[in-house]
Structure formats: structure tokens, C-alpha cells
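Inspection log for the structure reproduced underneath, given as C-alpha cells.
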Amino acid sequence: MADITDAREKFSGRGDFYAKSRPSYSGKLIDALYSDYGFSDKSVIADIGAGTGKFSVLLAERGSQVICVEPNADMRAKLAEAVKPFTGCRVLAGSAEETGIPPKTAHFVTAAQAFH
């Protein structure tokens, strides 16, 4: 099993490239989350491994509060920039194993493409 420190550094120095080259998510997926799976503008969503914020922004655009958790400092800087316009977003340094989010805080937990 890889050391968690390795995971935190895996994308160091690649934030710009990742933000520009990573595809976004289907509008139909986001629509389904909000129409069929209970997400709403009142939801608090923990987005784990949020990367540069591509998925987090789509949730925030729907009015949800998003707690963005990202272990890599370079990616987290891009993430903070991406969600800056949304007052309902918080960015935390953390991992799936140690999110820093208190229990019973979020209605939903997402991981988008964070499984590498």
C-alpha cells in the first residue's frame, strides 16, 4: 500500500496542467444528482479528493454548500481559486482517511474522479 505522503505529493507541480486538461462532468450527471438523488441547494456536500475543483464548482453552482477536501497543496491552491466566487465553499487540507470534517456535517459525500 502506498504511503499517504506519496499521495499528497503525486500531483505536485501539475495543478495548472491538471486544471486545463482534465475533462469536466456531464450536465446530465449533475442534473440527475439534483433531480433523482436528493441533492439540493440546501445540501452540504463533502467533495473528497476535490483536485482543482471541477466537480466542486458544479455542485456550488447549484447553490449547495461544498466542503472541498484535497491532500495536495498545488491542487488545493487551484481548487481554492476555482471555488472563490462561491461563499458556500470551504477548502480543507485533508485526505479520504483524515478529512478534518466533523461527523454528521455533510448530507452527501462525493469523490468524482479521485480514485487513482
Side-chain angles (χ1 to χ4, degrees):
M1 180 173 243
D3 183 346
I4 195 165
T5 304
D6 296 337
R8 289 185 187 137
E9 300 306 319
K10 184 175 184 177
F11 294 99
S12 292
R14 298 179 181 152
D16 284 331
F17 176 76
Y18 192 96
K20 291 175 188 170
S21 63
R22 192 74 167 188
S24 190
Y25 298 88
S26 164
K28 288 182 180 183
L29 167 68
I30 304 302
D31 289 344
L33 292 174
Y34 284 82
S35 65
D36 301 339
Y37 295 97
F39 285 43
S40 78
D41 60 352
K42 294 178 179 32
S43 297
V44 177
I45 304 166
D47 190 19
I48 309 303
T52 60
K54 288 186 181 277
F55 195 70
S56 303
V57 165
L58 296 174
L59 300 171
E61 286 176 340
R62 297 289 181 113
S64 297
Q65 292 182 39
V66 186
I67 305 168
C68 311
V69 178
E70 173 55 42
N72 181 275
D74 188 37
M75 302 288 274
R76 199 169 49 253
K78 296 293 176 196
L79 168 63
E81 192 176 305
V83 300
K84 190 175 185 177
F86 305 99
T87 57
C89 288
R90 288 188 289 158
V91 176
L92 302 177
S95 64
E97 298 82 4
E98 296 179 30
T99 64
I101 302 171
K104 299 181 182 179
T105 298
H107 300 110
F108 300 95
V109 177
T110 60
Q113 294 184 43
F115 186 76
H116 292 287

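All residue numbers in this chain count up from 1 along the given sequence. Any value given below was found using the heavy atoms of this structure, including those in side chains, with hydrogens, waters and symmetry copies removed.
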Mind checking side chain to side chain contact (heavy atoms under 4.5 Å, CB included) for Ser26 and listing every partner two or more places apart, or none if nothing turns up?
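Listed in chain order: Lys28, Leu29.
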Contacts of Thr99 that satisfy side chain to side chain contact (heavy atoms under 4.5 Å, CB included) - sequence neighbours left out:
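For Thr99 the side chain to side chain contact (heavy atoms under 4.5 Å, CB included) partners, ignoring immediate neighbours, are Ile48, Val69, Ile101.
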Treating Arg76 as the side-chain partner and Leu92 as the backbone partner, does any N or O pair qualify as donor plus acceptor under 3.5 Å?
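No: the side chain of Arg76 does not pair with the backbone of Leu92.
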Using modelled atom types only, decide if a donor and an acceptor are shared between the side chain of Ser40 and the backbone of Lys42 within a distance under 3.5 Å.
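Between the backbone of Lys42 and the side chain of Ser40 there is a qualifying donor-acceptor contact (under 3.5 Å).
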Let me check something: do [X] and [Y] share a hydrophobic cluster, defined by ILVMFWY side-chain heavy atoms less than 4.5 Å apart, either directly or through other members?
X: Phe55; Y: Phe39; value: yes
X: Ile30; Y: Val57; value: no
X: Val66; Y: Val91; value: no

Atom of Asn72, atom of Glu70 and distance for their closest heavy-atom approach:
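Looks like N-OE2, 3.1 Å.
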Minimum-distance pair of heavy atoms, taken over all atoms of Gly38 and Ser43:
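Shortest heavy-atom contact: O-OG, 3.9 Å.
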Would you tabulate the side-chain donor-acceptor contacts of residues 79-87 under 3.5 Å, counting partners in other chains and residues two or more places apart, or write 'none'?
none

Going by heavy atoms in the side chains, are Tyr34 and Leu59 under 4.5 Å from each other?
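A side-chain contact exists here, since the closest heavy-atom pair is under 4.5 Å.
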Going by an N to O cut-off under 4.0 Å, is there a salt bridge joining Asp47 and Lys54?
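Salt bridge absent between Asp47 and Lys54.
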Measure the spacing between CG of Leu33 and CG of Leu58 and express it to the nearest 0.5 Å.
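The CG atom of Leu33 sits 10.0 Å away from the CG atom of Leu58.
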